[in-house]
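Values in this document were obtained by computation on a predicted structure and should not be read as measured data. Count residues from 1 along the sequence.
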Amino acid sequence: MSDRLTRIRTAIAEAGLDGLVISSPSEEKLGYASRYYTTGFTGSAGLVVILPETAFLAADFRYTEQAEREAAPRGFQVFPALHGGKVWFPKLVAEAALAGKTLGLSKADLTYAGYLRLEALAAELPEGGRPSFVPAPPIIETARRIKDAEELSLLQHAIDISDAACDEVVAAFSPDQTECEVALAFERSVKAHGGEDVSFESIVAAGPWSAMPHARPRDERLGAGRPIVMDVGARYAGYCSDLTRTVTVGPPDAKFREIYEIVFEAQQTAIERVEPGMTGVQAHNLAQSVIDAAGYGERFGHGLGHGVGLDVHEDPHLGLTSEDVLEEGMVFTIEPGIYLPGWGGVRIEDIVVLENGRARVMSHARKLTPAGA
């Protein structure tokens, strides 16, 4: 955790800032991931200020003891944000010596209303005794792109939970089950395997409904012989997993085998050939070229993947317009798909980490393996 603060402080200095502010007072949950990443604090609200030599977490009465337990051991001074911002903010400015400092605001962790709130609080101070706020470059987002050993361990645990839950639920599929029943069964299984919760609303879509990549579960039966897309995830210690499997109840027909084999080949090609130094669009095109060659290029309309960590969707992004450069230590999904209106869709998704110049697959839930693959 101290290494994270060191990297963040280096980036703050490179940006020409005196410090960085994460989230805003009174904005519940906003900025949670970045706040947790930097401080270890699991509360739903709190303002973080990181300076070259010191770091502060301002937390209200609900969380001061919790903050002392979680953030103080990681190098943060816990500041009690009591009796309203007009009372505690001037005290924080004085204690942290913020007067005259230029503080960057973490844009992804602050609403415009939150920015205005901070500006209003600063405006209450004497002109020479107030900090100034400016937009910061994506310092925290950039730091979070590269996962350290602790993060990889927590991510793997979250992935293992969703793998186990998915295998358990798919093994129990029956034609009379509804999509909603499957989604609920997955949620229960995640918690039974030690997960905090699902990491996003589960997608379970059967038959033609599966042609919509983000279809919501319905009270409709799965049926037999139809494509069933199950896109699910688990959360453990704040970290998320993301997994998609496409299966059938009973033997698949020739159309399903055709589409599945194309998507499987596209995914395997991307997994085998993706490497550090590629841009997001170059990685995407590894799979896109396979689907194009099979004549279904227009039916693969989303990006190949996205980063996964404290948020289920984070940097880097792999897609047709992404110039993100892939680096060692990045964790992201590889999830090509083909979607045919009136018939259904096939998507296969696994999480990988770039290590030693190649992708190591972290997901191990069972998937169909085409003959000869």
Side-chain angles (χ1 to χ4, degrees), residues 1-12 14 20 22 31-42 48 50 55 57 67 69-76 106 108-109 138-165 190 193-197 199 233-243 271-272 274-278 280 283 305-318 324-334 349-365:
M1 187 69 75
S2 60
D3 179 59
R4 294 181 198 175
L5 267 181
T6 300
R7 288 188 288 124
I8 291 167
R9 284 176 168 139
T10 299
I12 290 171
E14 290 174 348
L20 181 71
I22 301 170
Y32 171 83
S34 292
R35 188 167 55 242
Y36 174 67
Y37 177 81
T38 53
T39 69
F41 174 59
T42 58
V48 177
I50 300 175
L57 170 61
R69 292 174 181 269
E70 296 176 339
R74 291 171 166 82
F76 282 80
S106 184
D109 303 310
I139 292 172
I140 305 299
E141 298 93 321
T142 300
R144 285 171 54 191
R145 289 182 175 196
I146 308 299
K147 272 48 179 187
D148 58 31
E150 177 187 358
E151 290 184 286
L152 286 175
S153 176
L154 295 172
L155 274 166
Q156 188 63 68
H157 203 136
I159 292 166
D160 291 345
I161 289 169
S162 60
D163 283 350
V190 162
H193 284 92
E196 296 170 359
D197 203 346
S199 53
R235 190 172 68 245
Y236 176 80
Y239 283 81
C240 301
S241 63
D242 194 358
L243 173 77
I271 290 172
E272 291 167 4
V274 69
E275 61 185 14
M278 280 186 169
H306 54 84
V308 183
L310 289 168
D311 290 315
V312 76
H313 289 90
E314 55 183 51
D315 293 341
H317 296 278
L318 287 64
D324 288 352
V325 177
L326 304 182
E327 301 176 50
E328 289 271 326
M330 285 185 171
V331 174
F332 50 87
T333 65
I334 294 183
E349 176 185 23
D350 291 296
I351 293 176
V352 304
V353 56
L354 285 181
E355 288 181 345
N356 302 315
R358 59 172 299 169
R360 174 173 65 83
V361 180
M362 300 177 73
S363 311
H364 301 293

Checklist entry - Is it the case that more than 12 heavy atoms not belonging to Arg69 sit under 6.0 Å from its CZ atom? => result no
Item to check | Minimum-distance pair of heavy atoms, taken over all atoms of His317 and Asp324 | outcome: N-OD2, 2.9 Å
Checklist entry - Which heavy-atom pair separates Met362 from Leu155 by the least distance, and what is that distance? => result CE-CB, 4.3 Å
Item to check | Ser153 (side chain) donor-acceptor with Ala149 (main chain) under 3.5 angstrom | outcome: no
Item to check | cation_pi(Arg4, Tyr37) dist<6.0 Å, angle<=45 | outcome: yes
Item to check | Spacing of CG belonging to Asp242 relative to NE2 belonging to His313, to within rounding of 0.5 Å | outcome: 6.0 Å
Checklist entry - At what distance, to the nearest 0.5 angstrom, does CZ of Arg7 lie from CG of Asp3? => result 5.0 Å
Checklist entry - Side chains of Phe332 and Val352: closer than 4.5 Å at any heavy-atom pair? => result yes
Next on the checklist: Heavy-atom count check: over 12 atoms from other residues, nucleotides or ligands less than 6.0 Å from Arg358 CZ?
Outcome noted: no
Checklist outcome for this item: When every non-hydrogen atom of Cys240 is compared with those of Val312, the smallest separation belongs to SG-N, 3.9 Å
Next on the checklist: So Ile161 and Ser241, do their side chains get closer than 4.5 Å, heavy atoms only?
Outcome noted: no
Item to check | Any side-chain heavy-atom pair of Leu152 and Glu355 under 4.5 Å | outcome: yes
Item to check | From Ile8 atom CD1 to Leu20 atom CG, the distance as rounded to the nearest 0.5 Å | outcome: 7.5 Å
Checklist entry - CD/Gln156 to CG/Asp160 distance, rounded to the nearest 0.5 angstrom? => result 4.5 Å
Checklist entry - If every non-hydrogen atom of Ala234 is compared with every non-hydrogen atom of Ser199, which pair is closest and at what distance? => result N-OG, 3.4 Å
Checklist entry - Shortest non-hydrogen contact from Phe41 to Tyr32? => result O-CE1, 4.2 Å
Item to check | Exercise: do Ser34 and Asp109 side chains pair donor with acceptor under 3.5 Å | outcome: yes
Checklist entry - Can you find a heavy atom in the side chain of Ser106 that is under 4.5 Å from one in the side chain of Ile139? => result no
Checklist entry - With respect to Ile159, which candidate in Val361, Asp350, Ile351 satisfies the side-chain contact (heavy atoms from CB on, under 4.5 Å) definition? => result Ile351
Next on the checklist: How close do Glu328 and Ile146 get, counting heavy atoms only, and between which atoms?
Outcome noted: O-CD1, 3.4 Å
Checklist entry - Taking C-beta and beyond as the side chain, do Phe76 and Ile50 meet within less than 4.5 Å on heavy atoms? => result yes
Next on the checklist: For Glu70 and Arg35: C-alpha separation, side-chain torsions, deciding distance, then whether salt bridge (charged side-chain N to carboxylate O under 4.0 Å, His left out) applies.
Outcome noted: CA-CA 12 Å; Glu70 296 176 339; Arg35 188 167 55 242; over 6 Å; no
Checklist entry - Got a donor-acceptor contact below 3.5 angstrom from the Glu314 side chain to the Arg145 backbone? => result no
Checklist entry - Considering the options Asp311, Thr38, Asp315, which one meets the side-chain hydrogen bond (donor to acceptor under 3.5 Å, both in side chains) requirement together with Arg144? => result Asp311
Next on the checklist: Once you measure the plane-to-plane angle for His157 and Tyr236, does it fall in the parallel (<30°), tilted (30-60°) or perpendicular (>60°) bin?
Outcome noted: parallel
